Amino acid sequence: MEKYDLVVRGKMVREDQVTLGQIGVKDGKIAVIESPDAVLVADKVLDFANAYVFPGTIDVHVHCFSNPNEGFIPTSMSAAAGGITTFLDMPYDLPNPISNVEIFEKKVKQLEQEAVVDICLWGTISKTNGTDQIVPLAEAGAVAFKMSTFETDAYRFPRIPDPEIIKAMELIKETGLRAAFHSENDEIIVDMIEEYKQANKVYPKAHNETRPPVTETSAVLKLMEFAYWTGVKLHIVHVSHPRTIDLINAFKAQGVQVTSETCYPYLLLDVNALDQFGPKAKNNPPLREPEEVAGLWKHLQDGNIELISSDHAPWGAEHKNPGNDNIFKAASGLPGVEIMTPLMFAATVAKGTMTPVQFAKVMAQHPAEVFQIPGKGKIAVGYDADFAVIDPDQTWVIDETRFRSHSKMSPFHGQEVKGKVIQTIVRGTTVYDGEEVTVEPGFGSFVPGSAYKGAAVGGRNH
Ligand SMILES: [Zn+2]
């Protein structure tokens with residue numbers, strides 16, 4: 001009789017159904033899926049009874065290094081505690097963005113020494129004359145390319161000029177990877193912020209008022225038209241407004257390959273959080289009006305938004321509260337990897353507004369499919385044994401001071417959450433036991449993108 005390394009029992013959330021059963025794991029992969037009464041022999045059995053065994057969350061939008069105090073260790077420990085088994089780390093690192101192979105490969109080495117969960121790496125291009133690095137970065141294992149139409153920093157996070165975007169899209173299309181964009185209209189926003197500052201309108205909600213919905217929708221519209229003519233696979237990150245999804249649907253109907261994500265704060269908060277929490281609730285694009293949030297939910301439930309991400313941005317108090325009341329001086333972004341999965345579970349499955357199967361699709365399966373990550377995102381034979389186990393009956397309270405990330409500033413602090421991550425398993429190994437992270441930095445692996453030419457650049461096998 002076959003002996004497994006591990007057997008996991010519980011309410012398995014599979015691609016099309018939820019069933020009580022058992023998963024036999026061998027060499028880090030799902031070897032067999034059986035009914036509860038089958039006899040499976042294993043070195044170790046984890047029986048989660050009536051708790052849900054979800055495919056581990058795949059968070060496609062994480063920034064480990066935009067704050068140099070953070071890095072892979074705190075973020076990936078925080079991710080493990082939040083049910084995330086794989087994340088895609090953004091390329092806007094300090095001091096250098098991931099815009100050439102040398103920097104990319106250095107980051108891969110660091111990842112393999114420090115990661116607690118599995119990680120894919122985004123690549124990017126420099127503002128001008130950088131597109132020659134696209135094919136080499138794809139072959140070195142970049143999972144996709146992130147660019148921006150808004151300039152956060154001319155070197156680290158630049159606004160890419162239109163001719164460079166077209167060139168980049170043509171090259172990215174050849175790699176088969178996805179071109180993803182932070183989509184906001186730089187000119188309108190810069191102009192409006194200047195006007196507001198002149199008038200000394202620097203209160204928290206001014207952040208929302210200077211980034212009206214048209215700044216998102218007009219940027220997305222341009223990119224989709226570029227994708228129509230270049231044929232690239234396009235992805236719009238952190239969509240904040242339902243009108244953006246209306247436009248995406250119109251272009252999808254014309255055959256443009258465009259996917260989108262929204263982030264948990266756009267679903268769970270609205271613009272009033274800026275009044276309530278100030279810089280803690282500042283992100284880009286900004287939080288929207290309550291009726292716009294409702295529109296985003298409608299699109300999510302109708303299946304028009306492929307996935308949910310955290311956009312984890314690990315700013316500390318020194319960046320979020322720079323010691324004055326000027327919202328424009330506070331850093332943009334919220335920590336998220338540790339709380340996104342349970343918060344979204346509480347807002348959907350626990351309330352009956354989404355089935356566990358739908359939840360697994362937006363949190364794990366679609367991220368793997370959109371970003372072409374083989375062997376992850378589903379509970380199916382042959383897939384990696386990556387699980388997020390959630391007990392739907394446990395209630396707990398978010399405490400930002402206990403985040404494993406250096407960023408301990410969350411507008412969700414003090415919130416009661418129904419549904420708790422009681423175990424996170426990566427390739428058959430428990431990385432979080434419900435209380436503590438249980439593996440050392442270096443356990444996590446680099447997961448190369450689908451254009452990876454492993455043999456040519458040094459032979460990593462995953
Ligand atoms: Zn981001």
Side-chain angles (χ1 to χ4, degrees), residues 57-68 70-72 74-76 78-79 82 84 86-94 97-99 107 119-125 142-153 155-160 178-184 186 189 207 211 215-216 219-220 223 234-241 244 259-269 279-288 305-316 319-320 330-340 367 370-371 405-407 409-411:
T57 296
I58 299 177
D59 186 350
V60 308
H61 195 151
V62 172
H63 298 265
C64 286
F65 291 94
S66 49
N67 175 1
E70 178 86 353
F72 286 127
T75 301
S76 67
S78 200
I84 292 168
T86 301
F87 67 78
L88 280 54
D89 195 54
M90 282 292 171
Y92 296 131
D93 296 5
L94 258 175
I98 309 303
S99 56
K107 191 170 179 182
I119 302 178
C120 305
L121 297 178
W122 287 85
T124 190
I125 55 171
V143 72
F145 289 88
K146 169 85 178 283
M147 288 159 280
S148 181
T149 59
F150 178 82
E151 188 143 297
T152 300
D153 181 284
Y155 173 64
R156 186 179 70 86
F157 197 146
R159 167 193 180 178
I160 307 292
R178 217 162 255 278
F181 286 84
H182 175 126
S183 315
E184 287 188 298
D186 191 274
I189 293 169
H207 177 61
R211 299 172 114 92
T215 60
E216 176 173 299
V220 171
L223 293 167
L234 176 66
H235 181 74
I236 306 298
V237 302
H238 54 48
V239 171
S240 70
H241 199 279
T244 303
T259 51
S260 69
E261 81 197 32
T262 188
C263 310
Y264 78 100
Y266 300 115
L267 294 164
L268 304 179
L269 298 173
K280 266 192 183 182
K282 183 186 178 191
N283 56 354
N284 292 343
L287 300 173
R288 300 295 182 191
I305 299 171
E306 278 78 12
L307 58 109
I308 298 169
S309 71
S310 72
D311 197 2
H312 176 84
W315 301 117
H319 303 100
K320 290 298 264 180
S332 291
L334 280 55
V337 287
E338 196 154 336
I339 54 176
M340 170 178 69
V370 167
F371 290 95
S405 167
H406 279 119
S407 177
M409 296 191 69
S410 171

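Atoms considered below: every heavy atom in the structure, side chains included; atoms not considered: hydrogens, waters and symmetry mates. Whatever order the structure lists ligands and atoms in, that order sets their numbers, starting from 1. Owing to the predicted nature of the structure, the values given are computational and were not obtained by experimental measurement.
- Aromatic ring centres of Phe157 and His182: separated by under 6.0 Å.
- The only member of Pro335, Pro68, Pro74, Ser405 that meets side chain to side chain contact (heavy atoms under 4.5 Å, CB included) when paired with Pro314 is Ser405.
- Using a cut-off of 2.8 Å, one finds that His61 contributes an N/O/S atom close to the Zn ion (ligand 1).
- The closest side-chain donor-acceptor pair between Ser240 and Arg211, if any, does not fall under 3.5 angstrom.
- Counting backbone and side-chain atoms alike, His63 contributes an N/O/S atom closer than 2.8 Å to the Zn ion (ligand 1).
- For the pair Leu287 and Tyr266, the minimum side-chain heavy-atom distance is below 4.5 Å.
- For the Zn ion (ligand 1), the nearest N, O or S atom contributed by Asp311 is named OD1.
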